[in-house]
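Scroll down for the structure; my scribbles are underneath it.
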Amino acid sequence: MRKRFLNIVVDIMRELTLKTGYPVPMNRGDIYSWAQDLDIETKGPIALYTGALYQIMPYIESLVAILEKVENNRALLEIMNIGKHLASSFLTKSLLRASHKRVKISRNILKAIALLLREADVNFSYLYKDDLYSGVLLYDLGLSESFLRQARKVYRTFKDRGIKKVITVDPHTTYVLKNVYPKFIDNFDIEVQSYLEVLSSRIKKKESKTKLEVVIHDPCFYARYQNMVEEPRNVLKASGIKVIEPKRSRKFTACCGGPIEALYPELSRKIAMDRVKELSSISNVIVTMCPICFSNLSKVKTKEVEIIDLALLVARVRGLMR
Amino acid sequence: MERTKIARDLSRLIGKNKVSVDEALLRIYSKDPLGNVGKALAVVFPISSNDVSKVVQYAYENDIKIYAQGSSTSLAGSSLPLEAGIVLSFERMKRVLEISLVNSYVFVEPGVRIDDLNFELASKGYMFPVDPASSSVATVGGAINSGAGGMRGAKYGTMRDWVLGLELVLPDERGSIVFSGCKTLKCRQGYDIVRLIVGSEGTLALVTKAYLKITPLPETVIVALAFFPKLEDLMEAVVNIKTQRIQPYILEFLEKKTAEIAAKSINSNINIEGHMLLVGIDVNREAGSRYVEWMKKILIRHGAREVQTAESWEEAEERGLFNIRRSLFVAQSKIAREHYKNVKDAKVMLLIEDIAVPPSRLVEAVEGLKELEKKHGFITMLGGHVGDGNLHPSIGFNALDPKESKRAEEWFKDLIDLAISLDGTVSSEHGIGLAKKDALRRELDARGSVKLLEIMGNIKKVFDPKNILNPGKVV
Amino acid sequence: MNNNLKSWLKKETSKCMFCGFCEALCPTVRFGSHRGYGPRGRINIVLYLSEEGKYTHEALNSLYSCLLCAACTLKCPANIDIPEVIRVARSLYARNNLKEKEEVVIEKEVS
């Protein structure tokens, strides 16, 4: 049963990515709707590249809710297996609906990132319909060939649009572009920087009136894979927010459990609960900076605990968003 | 007996999700840090004493061997399923059942990790002081069965000093569940079965619950890190410290070259000006600076070159005074790996030894070890708990090279002779297991006490008449 | 090509000294049902697979339950790139069992 489940779930993600560009069924419009009223340039050598992970996560959450049910339900599993051949339409319309509220959070986070960059006088363009998924999930699952196909597509898009540098918004996309694309694509020549790196050196100091104290949750792919621990702290501190460190912090951070939420929902949940317990014992406001961490920790949090993405929190404190 | 039948029978007895005969899984429960590969037929994950009892009854009836495992970090081969048999892994029995400060004990299941236990105790200002280097993963049950010690051994002793009472499952027809020892510190319950079980390496009975003594965390610990160009001077300092009416919290030693390698492996900026001595003394905070000055004086008077001190444990952590000592294991493996970097098909093995000599004979021991290094040509890493005379010399060798393996064996033999000749012992805190059976015999022989082996053999028979518990180990 | 991947996996996993220190920081072994959910288990299962072992039920659980969070690498005295081993092992499985093609050049995979 487990083997079949694994094969089907992995297969669905691959098929969908190759056919639709995204590992879960969704409309392309959902990817860039967040930028609607921001009037970001469409052309320019420095582009904001979201890699679609923030936008995808609400759909993954719905998918996981379904998988939690089918994990032990053979018939439903087989239906999904057939469903994948009908690709997006079947799954989107009949099964997968992302929560409206959740979609809105992701939109706001991305909007906050763009506004923060703007506030720091960073010039950047946006890719809109060419803001493709990086394929990072395929890479993690060992689907190297499919990942390569997706990566080539992304790279070609960058080149076609004359992009020299991309600003990324989440740790997984940042890592895969910075460290993996150059291994897979010959002469990969796009400069990659996370928005936190960009902001860390450019954000203007601002005293905040409210004495806000938050506990920080470092994502593995920033803290351990890219040694990026000071940048998010700089951005928070520059905005007058007091950062409290949990017991497992910086390069010793503890994973949110998110990466296995589709294949091992129950185990993933236990890991998230353990981490939320640790973080919330320090502060009731937990700051994340990765869409996967945000999803997985939010799923198990109690009412008293608030989990908020770093960009959104900082943008609010700085009066850029409501 | 056939694997699938065992799985079917055991599943019926204790539940399907507690039994596995998955081939890949069996492989990992068949291995140990010495590089041995045993023969697990099934791995069982009990969650209660009753589960354990049922498995034992079944094994007794069907003449199947049982190997108890905690986290399989034994360096003596204690938990290897040597002959075909059931591995009983206690990893799911990891509850802390009760912490009683007024009774000075903690009541635990055997699968709890020592560090996890200490994490809980620390929130109440207490600790369980036995701290083997593997404490982040080592389980209480494993520590009981291997008679573990650690850095704090000179002050707090080893497992045998901290176990009050044990719930045991006996390898008899009924898988009897008994309780040996007391909940009280004082206990005269006839022959001391508890201390017989501590260090018995799963050969006599299965530990399913334990009452352990606990003790308050010291208010703080002052720390001094010193380097001595001359080994004799360092040992003199140790002797002096040990006669000053204090009992150091830790007293750790690293031989000069070893300290250099360890420091290099972590890019430490501390000057290694000789053999390293790390002293910690538990004190009240107010007394911190007084003790620091006093310790500094003693160390310098005895010829220490570089001395660094900290008035509290936190400060010592912050300044990285423990880092060199802690990196010993990483450094050991790094050196060994680098040594064989250019050898094709090398299987690099570390032999981490565990002798002890009376502290007054440590100088002779270190010199003897240096001679062995010359004689056998292995780079020897040397560190240990100098407060109690426990040394952990280690060598790396290529297990795929028969000549080198043979030489490593000879080094080991000479090492054992050295320990015995200095009135020491062949195993201080790692156990006998598979690796030290012959060494144990030689130690007892040298003391004219081989008869004791016969007695041990008979004790084994009394507990385990069908020889189903961890056969082939210890005796 | 499969053989190249396999021999790389074998070389890397053979470094494991079975000390188990990695298990202290691994989130999945703490809540998983056995040691196969920890780095030491995973590394030794991959070693077993690289020596023509079978992709059993638990071998797959071991491989695919890894978060790739890399906490274990902070503790590994043998300096094994544990997450990369897991990813490459998944890749090998995908090639043989998930109709994943073999176009990707080996150097890219394990450089």
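In what follows, chains are A, B, ... by sequence order, proteins preceding strands, each numbered from 1. Predicted model, so just to flag it, every value in this text is computed and none were measured.
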Tell me whether [X] at atom [atom1] has more than 12 heavy atoms from other residues, nucleotides or ligands lying less than 6.0 Å away.
{"X": "Lys153(A)", "atom1": "NZ", "value": "yes"}
{"X": "Lys299(A)", "atom1": "NZ", "value": "yes"}
{"X": "Asn227(A)", "atom1": "CG", "value": "no"}

Query raised in the report: Which of these passes side chain to side chain contact (heavy atoms under 4.5 Å, CB included) with Cys255(A): Thr28(C), Leu67(C), Leu25(C)?
Result: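 In the set Thr28(C), Leu67(C), Leu25(C), the residue that makes a side chain to side chain contact (heavy atoms under 4.5 Å, CB included) with Cys255(A) is Leu67(C).
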Report task. Apply side-chain contact (heavy atoms from CB on, under 4.5 Å) to Phe252(A) and Leu74(C), showing your working. Result -> CA-CA 8 Å; Phe252(A) 286 98; Leu74(C) 298 168; 3.5 Å; yes
Hey, can you pull the donor-acceptor pairs under 3.5 Å for the side chains in residues 270-278 of chain A, sequence neighbours left out?
| residue | atom | partner | partner atom | Å |
| --- | --- | --- | --- | --- |
| Asp274(A) | OD2 | Arg248(A) | NH2 | 3.2 |
| Arg275(A) | NE | His217(A) | ND1 | 3.0 |
| Arg275(A) | NE | Ala254(A) | O | 3.4 |
| Arg275(A) | NH1 | Arg248(A) | O | 3.1 |
| Arg275(A) | NH1 | Glu278(A) | OE1 | 3.2 |
| Arg275(A) | NH1 | Glu278(A) | OE2 | 3.2 |
| Arg275(A) | NH2 | His217(A) | ND1 | 3.2 |
| Arg275(A) | NH2 | Arg248(A) | O | 3.1 |
| Arg275(A) | NH2 | Thr253(A) | OG1 | 3.3 |
| Glu278(A) | OE1 | Arg248(A) | NE | 2.7 |
| Glu278(A) | OE1 | Arg248(A) | NH2 | 2.6 |
| Glu278(A) | OE2 | Arg248(A) | N | 2.9 |

Would you check if [X] and [Y] make a side-chain contact, meaning some heavy-atom pair closer than 4.5 Å?
{"X": "Tyr93(C)", "Y": "Leu6(A)", "result": "yes"}
{"X": "Thr56(C)", "Y": "Lys3(A)", "result": "no"}
{"X": "Phe31(C)", "Y": "Tyr264(A)", "result": "no"}
{"X": "Ser144(A)", "Y": "Arg87(C)", "result": "yes"}

Query raised in the report: Mind checking which of residues 9-16 of chain C sit less than 4.5 Å from chain A, heavy atom to heavy atom?
Result: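 No residue falls under the 4.5 Å cut-off.
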Report task. Indicate yes or no for a side-chain donor-acceptor contact from Arg90(C) to the backbone of Leu143(A) under 3.5 Å, with no hydrogens or angles considered. Result ->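 Checking the backbone N and O of Leu143(A) against the side chain of Arg90(C), no donor-acceptor pair under 3.5 Å is found.
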Query - Most contacts with chain A, counted as non-hydrogen pairs under 4.5 angstrom, among Leu68(C), Ile86(C), Asn97(C) - result: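 That would be Leu68(C).
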Report task. Could you tell me which non-hydrogen atom of Ala70(C) sits nearest to which non-hydrogen atom of Tyr225(A), and how far apart they are? Result ->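 It is CB-CE1, 3.6 Å.
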**Report entry** chain C contact via Phe221(A) - side chain, backbone, both or neither, heavy atoms under 4.5 Å
**Finding:**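 Contact with chain C is through the side chain of Phe221(A) alone.
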Requested in this report: Drop me the distance from Ser91(C)'s OG to Asp140(A)'s CG, to the nearest 0.5 angstrom.
Outcome: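 Spacing of OG (Ser91(C)) from CG (Asp140(A)) equals 12.0 Å.
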Query raised in the report: Distance from Ser65(C) atom OG to Leu263(A) atom CG, nearest 0.5 Å?
Result: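 Atom-to-atom, Ser65(C):OG and Leu263(A):CG are 9.5 Å apart.
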